[in-house]
There are 2 protein chains.
Amino acid sequence: MRTRKSAATRKAEIVEAALRLADRLGPDRMSTEAVANAVGITQAGLFRHFPRKQVLWEAVADRIGTMMEEGWAEALRGKARPGDKIRALVVAQLRLIRATPAIPAILFSRELHTDNDGLRTAFLALLGRFHGRIAGLVEEGIDAGEWDADLDPGDAAFLILGLVQGLAVRWSVAGRGFDLVAEGERLLELLLRGFARPPAGTARPEPRS
Amino acid sequence: MRTRKSAATRKAEIVEAALRLADRLGPDRMSTEAVANAVGITQAGLFRHFPRKQVLWEAVADRIGTMMEEGWAEALRGKARPGDKIRALVVAQLRLIRATPAIPAILFSRELHTDNDGLRTAFLALLGRFHGRIAGLVEEGIDAGEWDADLDPGDAAFLILGLVQGLAVRWSVAGRGFDLVAEGERLLELLLRGFARPPAGTARPEPRS
DNA sequence: CATGCAAGTGAGTAAACACTAGCTAACGAT
DNA sequence: ATCGTTAGCTAGTGTTTACTCACTTGCATG
């Protein structure tokens, strides 16, 4: 019993450690003992702050939500054009994933979702908010004449979300062997280019064979 | 000891059951006992066929690889134009995921990858093969004048992979509440439309603010 | 029909796990 | 300086897990 910290500080420390360990070990292999060791308390001591492990996961989910929302707010500051806002949002999201790679691991962990439906729907809502913001910006861009008026903002936003998620997956499977953010920026430019008004005659693809 | 089957048949049954259970429980919560029960043998009996659980995972990975390659080969039959080939590949992949939802769960399971680097690199190679095929087809499409000559085939293929992976993730998080294949077909059309030659002046986006 | 191989069983083990009970002492407020 | 609150500890519990071992018996083959 060296130092005693306030419950609030400890809780934050624990959540932080959980985010680190969920990445290193995989969310489902992150044991309460590993987390306790990482923050320098005993395993039993952890339960003083989170009476069940699930409550810890809820706190982690909360933290992820906060980090994302903060990142988005920060990213949008000073950006005017919808295209730039979208670029900023995507870059912010990728930077967050790079700094906290546990996020996709937790977000998409089948293990966590099987007996924790609340978590699953919380993450679904979070992704929904991201999608909503992007879709809104695409609509602005269409109104501003920057992109094709035939573009469905929701679908376009799904493509952008897919870019981020697909990239995160590839980055993880590839052992983080490339620059997540730079790769994302390049692919986003390519995608956004395609949102521009198509040349007459190519707008609708020919019917399939 | 009711019926006794050949090792080959049993192994196939076990792998099949593992694919079902890895989806239901999450790959890391799929216990050897659950698999054994599902095929109707005792837990100890399972180790007759797979001496360590990891060997079972390798067999599962193998099966996934085979299913994918078969799906791709089948999909390409009778398709001539590169665009149609890409559509067919994507649809085949999505159908496979719909029929065997454990595939993305296993492919992206952080738990499985942490202490099973062989599996990770095997899946990386599998994704690489998919990417290679798509990239080759994009190049064909460019040569055929269907798509913008400035398009980088590798990047375009990454966007398509991102579409599939992002969609799979969303489908899973959303509790499979929409038609994976139909949604994929729609988004792919949107993406491919953007690959067409851009109107003069919009080819390069303006520099960022 | 005999027989050897191997598919399958029953009964275990040690380790890892989330979680509990009851005690101790650090700290803030008075 | 005292004292109540509460963070943290020690020492457990029951359960689940991968894996072992000695055995039994179904089946293809001679």
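Note that the coordinates shown come from a computational prediction; the quantities given were computed from them, not determined experimentally. The sequence lines fix the lettering, A, B, ..., with proteins before strands; numbering per chain opens at 1.
Legend: residues meeting ring pair (Phe, Tyr, Trp, His ring centres under 6.0 Å) with W72(A), ordered by chain and number and at least two apart, are F130(A). Listed by chain and residue number, nothing satisfies the ring pair (Phe, Tyr, Trp, His ring centres under 6.0 Å) test with H113(B) (two or more places apart in sequence, or in another chain). Residues satisfying the ring pair (Phe, Tyr, Trp, His ring centres under 6.0 Å) criterion with F50(B), sequence neighbours excluded, are absent altogether. When the salt bridge (charged side-chain N to carboxylate O under 4.0 Å, His left out) test is applied to K5(B), the partners found at least two apart in sequence or on another chain are E13(B). A search for salt bridge (charged side-chain N to carboxylate O under 4.0 Å, His left out) contacts involving R186(A) returns E183(A), D155(B), not counting sequence neighbours. Here E16(A) pairs with R63(A) under the salt bridge (charged side-chain N to carboxylate O under 4.0 Å, His left out) rule; sequence neighbours left out. Listed by chain and number, the residues in a ring pair (Phe, Tyr, Trp, His ring centres under 6.0 Å) with F47(B) amount to none (sequence neighbours excluded).
Only at 4.0 angstrom or more do the heavy atoms of residues 11-31 of chain B sit from any atom of DNA chain C, so none qualifies. Across residues 40-50 of chain A, Q43(A), A44(A), F47(A), R48(A) each have a non-hydrogen atom less than 4.0 Å from an atom of DNA chain C (numbered order).
Rounded to whole Å, the distance from CH2 on W57(B) to C1' on dA18(D) is 14 Å. For the pair N37(A) CG and dG8(D) P, the interatomic distance rounds to 14 Å; values are reported in whole Å. With rounding to whole Å, K5(A) atom NZ is found 18 Å from dG28(C) atom C1'. Rounding to whole angstrom units, CD of residue Q54(A) and C1' of dC17(C) are separated by 16 Å.
Considering only the side chain of T32(B), dA18(D) comes nearest among dC19(D), dA18(D), dA18(C).
In terms of phosphate contacts, R52(A) brings no side-chain nitrogen or oxygen within less than 4.0 Å of OP1 or OP2 of dA18(C). Phosphate proximity of dT5(D) to R4(A): absent, as no side-chain N or O sits under 4.0 Å from OP1 or OP2.
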**OP:** Would you check, one step at a time, whether the test side chain to side chain contact (heavy atoms under 4.5 Å, CB included) holds for L151(B) with L190(A)?
**Re:** CA-CA 8 Å; L151(B) 198 64; L190(A) 178 54; 3.4 Å; yes
